[in-house]
Amino acid sequence: MNDQPLHLLRSVFGYAQFRVPQAEVIATLMAGQDALVLMPTGGGKSLCFQIPAMARAGTGIVVSPLIALMQDQVAALTQAGVRAAFLNSTLSSIEAREIEQQLLRGELDLLYVAPERLMLERTLDLLARAKISLFAIDEAHCVSQWGHDFRPEYIQLSVLHQRFPEVPRIALTATADEPTRREIITRLGLENARVFISSFDRPNIRYRIAQGGERAREQLLHFIGEEHAGEAGIVYCLSRKRVDEVAAWLASKGLSALPYHAGLDSGVRTAHQSRFLKEEGVIMVATIAFGMGIDKPNVRFVAHLNLPKSVEAYYQETGRAGRDGLSADAWMIYGLQDVITLRQMLETSESDDAHKRVERHKLDAMLGLCELTTCRRQALLAYFGEILAEPCGNCDNCLTPPETWDASIPAQKALSCVHRTGQRFGVNYLIDVLQGKTDERIQRFGHDAITTFGIGRDLTAPEWRGIYRQLIARGLLAVDIEGHGALRLSDACRAVLRGEESLWLRRELKPTRIKKTKTARGAASPFTGERDQSLWEALRTLRRKLAEKQGVPPYVVFHDATLAEMVALRPQSLSEFAHISGVGERKLAAYGEEFVGAIRDHAAD
Ligand code: ADP
Ligand code: ZN
């Protein structure tokens, strides 16, 4: 057998070429050196350790934090004919014993192990008696104590280096920031590792952020119906209550939507996660408890009904869309209330001042991204220190450039109204005063007699809300610490209030509806032609049938991209089928006949 990496890529995985920097990472491990790989989700990290594990003598040990993820990866490898297994708490002791024997007999290319199991003295002894080709530490950012995925067991992984100094190690993560990178290097003892940093751009994801208010749910339903009917997606909400409510509401509209949050029974959570992975077109409505290790490649959209707390969180959550490289949407709706709630949560939190300052800074950056009128991708990448020379052409601001208007005068009115009413009131009250409403409360406070009373009749209440939101988002107004939503002037507003500085704001439009167009990488579905569409459906059905029979998710049989290529090329024979990207030798033998048959039958209809 030919064990060259490129040969393995073609014969086992059915791909023609390595992506940058896969070949170099693999060469590093082949030479017995350590590597640290920072690559965005969907970049192709797995092959970086799978191929050298197969090409080198012995078994590659993969440390992976999530059991569901392990099972998926092992199922996918088995489908491709790779000798892979896992050791974790779901196995009986007899099953575990059998796998240990396979390891000792040198019958495994890859063994996935949960970190807490790996660190047991017993497991380390076992490894010492086996031949190990490499250690791969997946989701390596779990060593970072400051990140939200921190796993204490990960810290102990430096032991591997001490016990097995001659075995090369590779650590991988999709977390981009510099402090995390430094922490990975020091905690895992990777000072001598070659570091590979890829661009963190995800060109297939289309970023869209729109204003919304009470009708956010309807806007979401409309978005899914128009652009993602029957496709899988994730909807993020801030609270458990909202998750339950939105999931139930979407389900009542006939969508297969399921809730997921830490308040649900763990059995329910597992069942929902498994349906999301195994069925096509399930929408998971979730808090941020759902996410890490969601390996499903064909999540077609990630929707946010609330604002994430930071750009890092936004990038990570939206990054779960489109791992397969086909076009996907990151869609978000946010409004005035989000801005107020997040600002309040931050101010009233228990953390110390230094911590708060950092959090405030992060939230400001996130709000800045929302209110931006230029390319979102450029700003997003710039946040991670990456320069994108040209606007991307695949975000809402590039596709339908927002109008801006000189809002200096209305902003002065809005700010002045805060000042005149004593900085003690919330947005609704302020707008009532601006619009000259005479209710009992306004009269009682005598605010029907102040200079700002009734000076805002030229704009509608929603327009005023938009102005207040942007003033808060830009830090010209602050939200009170007591938590009643009262607004205060901040120092930053003086220049605008005095008319020394003009203020250009985004014109509030109806949420932009973007016509579904294919991106450069092509869309998975629906195909435009009726014939293509029906072949696509037929192949999906066949794939689902084959997957169900084996109890694995459909994408483990073939990815959407592979099916799409079958539709485009319509291979008529096994030798033509073998050329489809994603068809390796084992899958050709296992599925070739049936898929070629389905394509022929379809042509004959
Ligand atoms: P990551 O772990 O970085 O999120 P994966 O390893 O899951 O990414 O790879 C993402 C997708 O890209 C998978 O569908 C994988 O099969 C595909 N892929 C990886 N490398 C290649 C390649 N060289 N050619 C074609 N497809 C690839
Ligand atoms: Zn853009």
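Counting convention: from 1, in listed order, for ligands and their atoms alike.
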| query | Does E576 use its side chain to pair, donor to acceptor, with the backbone of Q572 at less than 3.5 Å? | reply | yes
| request: Rounded to the nearest 0.5 Å, what's the gap from CE on M284 to CD1 on I234? Could you check? | output: 8.0 Å
| field | D324 heavy atom under 4.0 Å from ligand 1 | value | no
| Can you check whether G43's main-chain N or O pairs, donor with acceptor, with R202's side chain at less than 3.5 Å? | no
| Hey, what's the ring geometry for F13 with Y15, parallel, tilted or perpendicular (30° and 60° as the breaks)? | parallel
| request: Could you tell me whether a side-chain N or O of R269 sits under 3.5 Å from a main-chain N or O of Y260, the two making a donor and an acceptor? | output: no
| said: Considering non-hydrogen atoms of the protein only, which is the closest contact for atom 8 (O) of ligand 1, and what is the distance? | reply: G44 N, 3.2 Å
| What protein heavy atom is closest to atom 6 (O) of ligand 1, reported as residue, atom name and distance in Å? | S46 OG, 2.7 Å
| Would P40 count as a contact of ligand 1 if the rule is a heavy atom under 4.0 Å away? | yes
| said: So, taking the atom named CZ in R543 and the one named CD in E548, what distance separates them when rounded to the nearest 0.5 Å? | reply: 12.0 Å
| Distance in Å, L38 CG paired with S199 OG, rounded so as to fall on 0.5 Å steps | 12.0 Å
| request: Can you spot which of D560, T562, D295, D72 makes a side-chain hydrogen bond (donor to acceptor under 3.5 Å, both in side chains) with Y555? | output: D72
| task | Write out the residue and atom name of the closest protein heavy atom to atom 15 (C) of ligand 1, then the distance separating them to 0.1 Å. | result | Y15 OH, 3.7 Å
| query | Would one find an N or O of M39, backbone or side chain, under 3.5 Å from an N or O of ligand 1? | reply | no
| message | Regarding R300 and D324, does a basic nitrogen lie under 4.0 Å from an acidic carboxylate oxygen? | response | yes
| Can you list the atoms of ligand 1 that are under 4.0 Å from a heavy atom of L47? | 19 (C), 20 (N), 21 (C)
| remark: The residue among Y207, W331, F223 that forms ring pair (Phe, Tyr, Trp, His ring centres under 6.0 Å) with F301 is F223
| request: Give me the protein N, O or S atoms that fall under 2.8 Å of the Zn ion (ligand 2), sorted by chain and residue number. | output: C375 SG, C392 SG, C395 SG, C398 SG
| request: Ignoring hydrogens, just give me the one of Q17, H559, Q22 whose non-hydrogen atom is nearest atom 14 (O) of ligand 1. | output: H559
| request: Closest by any non-hydrogen atom to atom 4 (O) of ligand 1: pick that one out of E139, R19, R323. | output: R323
| request: With atom 10 (C) of ligand 1 as the reference point, say which of A23, G42, A174 has the nearest heavy atom. | output: G42
| message | Do I333 and L220 make a side-chain contact, defined as non-hydrogen atoms from C-beta onward lying under 4.5 Å apart? | response | no
